[in-house]
There are 2 protein chains.
Amino acid sequence: MHTYSQKLNSNDVARRAGVSQATVSRVLSGSSSVREETRNRVLAVIEELNYQPNAFARAMKTSLSGTVGVVVSRITNPIVPEILLHLANKLTGHGRQMVVWNTDTEGEDGVVNAIRQRVIDGLIFTAAGEQSAAMQAARKNGMPVACINRHITDPGISQIAGNNLEGALTIADYLVSAGRKRIAMINGPLDRSTLAEREAGIRQGLAAAGRELPEQYYARSEFAHDKFRDLAIAMMRQPSPPDAIACGNDVIAFAVLCGLRAEGLDVPDDVWVTGFDGIEMAGWDVFDTTTMKQPLDAMATATVEALVDSIENNETEPRMVRFATELVIRGSTANTPYRNC
Amino acid sequence: MHTYSQKLNSNDVARRAGVSQATVSRVLSGSSSVREETRNRVLAVIEELNYQPNAFARAMKTSLSGTVGVVVSRITNPIVPEILLHLANKLTGHGRQMVVWNTDTEGEDGVVNAIRQRVIDGLIFTAAGEQSAAMQAARKNGMPVACINRHITDPGISQIAGNNLEGALTIADYLVSAGRKRIAMINGPLDRSTLAEREAGIRQGLAAAGRELPEQYYARSEFAHDKFRDLAIAMMRQPSPPDAIACGNDVIAFAVLCGLRAEGLDVPDDVWVTGFDGIEMAGWDVFDTTTMKQPLDAMATATVEALVDSIENNETEPRMVRFATELVIRGSTANTPYRNC
DNA sequence: AATTTTTGTGAATACGTATGCATTTATGAA
DNA sequence: TTCATAAATGCATACGTATTCACAAAAATT
């Protein structure tokens, strides 16, 4: 038999330690100096009674909850859990919790309420949403915000992302220098800054080689596996199909590979495929996708640091960080060496 | 120019509406009866001032936060985001928020603290963890708990899962009746009830057909893509390789398919493969995996209902629900019709 | 009309912590 | 030793809500 841990408060601790409640509070928050001996006595009682400070009372006084919100657009997009994993690890390291909102299916009401009620100390955006209700609510309520893997025009907000333009330039150069003649691109919505920047990089890279991205080698659709798959099929059924398809990200590349497989085409013999992001699945044999790897771990670290500094130290200077990406060559392109200049 | 929404409290509303603070509280919580006219007047002022009740103060009084915790083992396992998506939707429908802990990399300290401090009203377990620190802490602190997609021996906890045994029996019957002669199984850790139950189902199903699962056709490893992949390769290199591999779940099946592809084997000509779960990716062309689909949406609904009832209505009777699964036949097995008896 | 019951409302209090202010104790300089 | 200064601690209060108790008014019952 056991009893639920009875509700203790700092007064109980204070009484037993022979100090005032204020001292207990000071020991816990470390805000003010407490004599070594007194501190140890209090800590011993806390240990002995198994006392846990009341998070709500603390939050009410400080207006800080220790919780950070994360807004994602589609949690089932495989890159999202990878990002969430890193964010959660970093936040845990700061003694913070993570609330997740999936705006795709939930809508934004939940986040907006949380912002207005300030039940979170700060917000991380993975989803686009420059003009989203959540972003506007955050701005209006003066809530610290950081964006990971997205660029927005507001210069007052910390933004941590990979260098998509440079990465895409490298991909274009890699494909051109490997002798690909008819390079195509399949991309997703351009209101996602990552995809827009990568497309710009591919176009720019081709132009630098005196090439271009002709209309019939370019296709774009909203974000849906089957749509990308069908675009790939349609593209390869053209009279003169491309011999390389650069995709806006790995997930698009997977869908394209599915389409090619459905058409009975061989990769890389018939056509090369490249992705972008370097998510785990890209290394699986069935995909084996050449990709541009983003350092998600470092990006998550930077994002959390920026946000936490903004929360704890009233740091107002936004941080704009671009991380270098790394070309990972795999079987979806012939195994040719490539020296990045 | 704008100002941040100034901090209002229920006293401000009360004053402006010409009532007492208690009445404002009653209007908001709906706990007690308020005259129609008074209520409307208060609501009008709330609207006018754009007042938001303070969630922390409310939480302190009621000892309820409106937040539910979800414990997952590995958020990057593709079935996890699918489950989280459904859970989040249902929780949002109940006006609740979701905190996620990924015990694989974060450890359990975060959850345990949250439990002890009661910053969450209830907890949903996706991860195993019958003997986990979090589960024990939840029990010790009398926190409402529900398990989805996992079975634990504690009969005092609501458990919602698919009928793994029946589903696996069906798979075995399907493979046998389709004429597969050498049926193998590749599985993950048996301390995951889902995998254990499915293995039992396969064995039982084979036995019912007068067959068995010989040692050389059975392999198991911890949960890691490469391990499953290598197990598949090793199994197919045997003198008399199997002509069908039943996998503990879809993700294992994906790894097996990767191994088969690496070996240059054809599916389903050389060997059939089945998964279990029916996650989205199983329908992608590169996998095209025959699987046993679990009704995750319904399962999530049942889980959240059980937990919320337990929280709000002090419902103590645990709910044990098993959902029927559905065989989805795809290209990883020859497209033979199957009549489930 | 007189009584009982119900309904609506206000005053006061408690939840558990952090912190400004006042006070005591320790420390160091003269 | 004496005084000035710094460090350590206690007292009291505020954070914003929910809720008990008391009471008045209205409704229902006799």
Side-chain angles (χ1 to χ4, degrees), chain A residues 5-43 45-46 49-67 95 113-114 116-119 121 311-312, chain B residues 5-43 45-46 49-67 95 113-114 116-119 121 311-312:
Chain A
S5 59
Q6 55 206 331
K7 241 353 191 187
L8 294 169
N9 60 28
S10 45
N11 274 300
D12 299 318
V13 174
R15 204 172 306 121
R16 188 142 172 76
V19 298
S20 74
Q21 179 268 327
T23 298
V24 175
S25 173
R26 282 188 266 255
V27 167
L28 280 167
S29 65
S31 60
S32 175
S33 55
V34 176
R35 189 154 48 113
E36 183 74 16
E37 186 208 319
T38 312
R39 156 173 288 113
N40 290 337
R41 191 146 35 96
V42 171
L43 287 175
V45 173
I46 287 174
L49 297 183
N50 192 22
Y51 161 76
Q52 292 286 122
N54 183 306
F56 299 140
R58 188 173 264 185
M60 182 165 74
K61 280 301 292 184
T62 61
S63 296
L64 289 174
S65 62
T67 300
N113 277 335
R116 294 180 48 185
Q117 300 190 176
R118 271 204 116 71
V119 295
D121 299 341
I311 294 170
E312 294 178 357
Chain B
S5 58
Q6 55 207 332
K7 243 351 192 187
L8 293 169
N9 60 29
S10 45
N11 274 300
D12 300 318
V13 174
R15 205 172 305 121
R16 188 143 173 77
V19 298
S20 73
Q21 179 269 327
T23 298
V24 175
S25 172
R26 282 188 267 254
V27 168
L28 280 166
S29 65
S31 59
S32 174
S33 56
V34 177
R35 189 152 49 110
E36 184 75 16
E37 187 206 320
T38 312
R39 154 172 289 113
N40 290 337
R41 191 147 35 97
V42 171
L43 287 174
V45 173
I46 287 174
L49 298 183
N50 192 23
Y51 161 75
Q52 292 284 124
N54 183 306
F56 300 140
R58 189 174 264 186
M60 183 166 74
K61 280 302 291 185
T62 61
S63 295
L64 290 174
S65 63
T67 300
N113 277 336
R116 292 181 46 184
Q117 301 189 176
R118 271 205 116 74
V119 295
D121 299 342
I311 294 170
E312 294 179 357

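Residue numbers start from 1 in every chain, and the chains themselves are labelled A, B, ... in the order their sequence lines are given, proteins ahead of strands. The structure displayed is predicted, hence computed values, not measured ones.
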Which heavy-atom pair separates B:Ala59 from B:Ser65 by the least distance, and what is that distance? CB-CA, 4.4 Å
Rounded interatomic separation in angstrom, taking CZ from B:Phe56 and P from C:dA14: 25 Å
If the helix axis at each end comes from five base pairs, how far does the helix from C:dA1-D:dT30 to C:dA30-D:dT1 deviate from straight, to 10°? 30°
Between atom CZ of B:Arg116 and atom CD of A:Gln52, what is the distance when rounded to the nearest 0.5 Å? 3.5 Å
Quick test: give all pairs of protein nitrogen or oxygen and nucleotides 4-6 of chain C nitrogen or oxygen below 3.5 Å, distance rounded to 0.1 Å.
none

Nucleotides 16-29 of chain C: protein proximity per nucleotide (B base, S sugar-phosphate only, - neither; heavy atom, under 4.0 Å): BBBBB---------
Ignoring hydrogens and geometry, is there a side-chain-to-backbone donor-acceptor pair from B:Asp121 to B:Leu64 under 3.5 Å? no
A:Val27 to A:Arg39 - nearest heavy-atom pair and separation: CG2-CA, 4.1 Å
Point-to-point distance, once rounded to the nearest 0.5 Å, from CD1 of B:Ile46 to OH of B:Tyr51: 7.0 Å
Can you check the A:Gln117 CD to D:dC15 P distance for me, whole Å? 19 Å
Any B:Ser20 side-chain N or O less than 4.0 Å from OP1/OP2 of C:dT9: no
Between B:Thr38 and C:dT9, is there a contact of a side-chain N or O with OP1 or OP2 at under 4.0 Å? yes
Could you go through A:Asn54 and B:Arg118, starting from their C-alpha distance and side-chain angles, then the distance that decides it, and tell me whether this counts as side chain to side chain donor-acceptor pair (under 3.5 Å)? CA-CA 8 Å; A:Asn54 183 306; B:Arg118 271 205 116 74; over 6 Å; no
For B:Arg16, I'd like to know if atom CZ has over 12 heavy atoms of other residues, nucleotides or ligands within 6.0 Å. no
Search all heavy atoms of B:Ala17 against all heavy atoms of B:Val45 and return the closest pair with its distance. CB-CG2, 3.7 Å
Heavy-atom closest contact (B:Ala55 atom, A:Gln117 atom, distance): CB-NE2, 3.6 Å
Within this structure, what is the CG-CG distance for the pair A:Asn9 and A:Leu49, rounded to the nearest 0.5 Å? 10.5 Å
